[in-house]
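Just below is one structure, and these are the notes that go with it.
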Amino acid sequence: MNPVRWGILGTAEIALTRVIPAMQSCEHSVVTAIASRVLEKAQAAATQHGISHAYGSYAALLDDPDIDVVYNPLPNHLHLEWSARALRAGKHVLCEKPIAMNQAEVHELIRVRDETGLHIEEAVMIRNHPQWSSVLELIAANTIGTPQSVQLAYAYHAKNRNDYRYKPEMGGGAVYDIGSYSIAIARLIFGDEPSGVLATLIRDENTGVDVLASAILDFPTGHATLTVATESTTYQHVHVLGDRGWIRVEFPFAHPQPTRCHLYIGDASSVGNFHCQEIAFDPINQYTLQADRFSLAIQGRSVATWPLENAAANMAVIDALFESARCHQWTPITKTSIKV
Ligand SMILES: NC(=O)c1ccc[n+]([C@@H]2O[C@H](COP(=O)([O-])OP(=O)(O)OC[C@H]3O[C@@H](n4cnc5c(N)ncnc54)[C@H](OP(=O)(O)O)[C@@H]3O)[C@@H](O)[C@H]2O)c1
């Protein structure tokens, strides 16, 4: 089967530095076009990355009949508009996280998906790393018993105060930027939805975007506690505590470079945080895996996919987290009318 043809909206940093280079080692995907609001930027990116077509507007790329999938890494407030336009132009869509600004916007995308019958996913690239299948297998095998507490931390130091991450109206802030990963992983591990959230935020005093967020999510069988920060040092961890043991995920989230990483597993004989078993993973590019898995999905092959209903459930948690921080109270998570 011919590789699936991808078009890229915008010259986003994530596209130019990670996703397009990763796609160049794909077996089932090829980048055939890139668009920018400024033609010269699209041309420069096309030359740099060996992409055959450059467009001076996003609409022109959507008109190209030789594109099967659109990758949307625009600032967050443009995800709904351009993902919906791409679907209506007959393209499948992989859209960066968070896929929208709130749950209502995800429901709008679900309506467009259902009208068009095309495939659309939120690009939570970490889910493609095999370490998460191993975590789920360990839990299913009762290696750690029932997960009772999941502790997640993800932090970095923002370099650029001029980008959209410092603009509330464009979906700036730590929760939109990296909180969606922690929430997705907590839901994956518990295999369920939280019923409520208690959250607190520290906001940048000039712009109002959240730069430090901490939250407790109340799941039927336990709790997740998460901290995300964008003016901290660089750090990541996920710990899963069960009633028979624990799992420590050494490098759970974004990998700037494919990196060897480990799961450390402890049981009742473990002392402190010292593990008694480890599982190692060779360096792997999560973005390559993501693109090829998506391409195989639209070719009708049997691969994992995450429907928009899953993204709507993640977004429901983000909505409730912001509401909890605003009113300083536990906030229930509204059950979406759409089955997750
Ligand atoms: N999966 C991951 O590892 C990962 C990592 C980082 C970011 N992300 C996600 O990827 C998306 C982009 O992040 P980024 O940091 O790469 O963004 P970025 O470098 O700021 O790029 C965003 C692009 O959007 C286009 N754009 C359209 N309207 C714009 C406007 N009003 N202001 C600014 N840019 C505008 C620009 O392209 P043109 O000027 O060429 O049109 C710009 O290059 C976000 O949704 C983010 O959450 C994902």
Side-chain angles (χ1 to χ4, degrees), residues 7-23 33-49 51 54-62 70-83 85-86 93-101 105-106 109 121-129 154 156 158-185 209-210 228 230 234 236 251-259 285-291 293-294 306 311 314-315 318:
I8 314 290
L9 294 183
T11 53
E13 185 175 338
I14 183 63
L16 299 185
T17 61
R18 308 263 176 92
V19 175
I20 296 172
M23 289 183 70
I34 185 161
S36 170
R37 296 166 299 170
V38 179
L39 179 60
E40 293 72 22
K41 280 170 75 180
Q43 287 169 332
T47 303
Q48 188 190 351
H49 292 281
I51 300 169
Y55 292 108
S57 75
Y58 305 152
L61 183 143
L62 298 189
V70 163
Y71 169 60
N72 179 355
L74 298 175
N76 301 332
H77 71 305
L78 297 175
H79 287 178
L80 168 64
E81 177 187 348
W82 284 99
S83 295
R85 287 180 70 160
V93 175
L94 179 69
C95 178
E96 269 304 338
K97 53 74 204 168
I99 198 160
M101 298 281 279
E105 288 194 0
V106 189
L109 276 177
E121 267 185 40
E122 184 175 39
V124 184
M125 80 297 178
I126 57 173
R127 290 188 293 214
N128 299 277
H129 196 290
Y154 188 7
Y156 68 91
K159 296 177 293 243
N160 179 4
R161 293 182 67 91
N162 294 321
D163 85 355
Y164 76 88
R165 289 175 180 78
Y166 279 90
K167 296 183 178 146
E169 70 284 4
M170 295 175 79
V175 171
Y176 280 140
D177 197 33
I178 49 178
S180 51
Y181 293 127
S182 296
I183 294 166
I185 290 301
V209 300
D210 54 295
V228 290
T230 53
T234 302
Q236 313 188 357
F251 202 175
F253 300 119
H255 298 175
Q257 297 297 328
T259 303
N285 192 318
Q286 307 183 102
Y287 303 99
T288 306
L289 295 178
Q290 172 175 258
R293 181 192 50 74
F294 189 100
W306 287 274
N314 224 53
M315 210 71 229
I318 292 178

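Here the structure is a predicted model, which is why all the values come from computation and not from measurement. Counting starts at 1 for both ligands and their atoms, following the listed order. Atom set for the values below is all heavy atoms of this structure, side chains included, hydrogens, waters and symmetry mates excluded.
In summary, Glu121 and Arg127 do not engage in a salt bridge, as defined by a charged side-chain N under 4.0 Å from a carboxylate O.
The nearest heavy-atom contact from the protein to atom 45 (O) of ligand 1 is Asn76 OD1, 2.6 Å. With hydrogens left out, the protein atom closest to atom 25 (C) of ligand 1 is Tyr58 OH, 3.2 Å, a heavy atom. Scanning the protein for heavy atoms near atom 44 (C) of ligand 1, the closest one is Tyr164 OH, 3.1 Å. Remark: minimum distance from atom 12 (C) of ligand 1 to any protein heavy atom is reached at Pro73 O, 3.0 Å. Looking from atom 6 (C) of ligand 1 to the surrounding protein, the closest heavy atom is Arg165 NH2, 3.6 Å. In this structure, the protein non-hydrogen atom closest to atom 38 (P) of ligand 1 is Ser36 OG, 3.3 Å.
Considering backbone and side-chain N/O atoms, Asp163 never comes within less than 3.5 Å of an N/O atom of ligand 1. Ligand 1 has a nitrogen or oxygen under 3.5 angstrom from a nitrogen or oxygen of Arg37. Of the N or O atoms in Ile14, one or more lie within a sub-3.5 Å distance of an N or O in ligand 1. Ligand 1 has a nitrogen or oxygen under 3.5 angstrom from a nitrogen or oxygen of Glu13.
Taking a 4.0 Å cut-off on heavy atoms, Val38 fails to register as neighbouring ligand 1. Within the structure, the closest approach of Tyr176 to ligand 1 does not fall below 4.0 Å when heavy atoms are considered. Pro75 counts as a contact of ligand 1, since one of its heavy atoms falls under 4.0 Å from the ligand. A heavy-atom separation below 4.0 Å is found between Leu74 and ligand 1.
Taking a cut-off of under 4.0 Å to the non-hydrogen atoms of Thr11, the atoms of ligand 1 that pass are 37 (O), 38 (P), 40 (O), 43 (O). When each atom of ligand 1 is checked for a heavy atom of Lys41 under 4.0 Å away, the hits are 38 (P), 39 (O), 40 (O). Listed by number with element, the atoms of ligand 1 under 4.0 angstrom from any heavy atom of Tyr181 are 1 (N), 2 (C), 3 (O), 4 (C). In summary, the atoms of ligand 1 found under 4.0 Å from a heavy atom of His79, numbered by their order in the structure, are 45 (O).
Residues Ile14 and Pro73 come closest through the heavy atom pair CG2-CB, 3.9 Å. The heavy-atom pair separating Ala45 from Thr11 by the smallest distance is CB-CG2, 4.1 Å.
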**Request:** Evaluate the criterion side-chain hydrogen bond (donor to acceptor under 3.5 Å, both in side chains) for residue pair Asn72 and Ser83; output intermediate values, then yes/no.
**Result:** CA-CA 7 Å; Asn72 179 355; Ser83 295; 3.0 Å; yes
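Aromatic ring pairs are classed by plane angle as parallel below 30°, tilted from 30° to 60° and perpendicular above 60°; the pair Tyr154 and Tyr181 is tilted.
For Ala254, no heavy-atom contact with ligand 1 is shorter than 4.0 Å. For Lys97, heavy-atom contacts with ligand 1 shorter than 4.0 Å involve the backbone as well as the side chain.
Considering only heavy atoms from C-beta on, Gln257 stays 4.5 Å or farther from Asn285 through its side chain.
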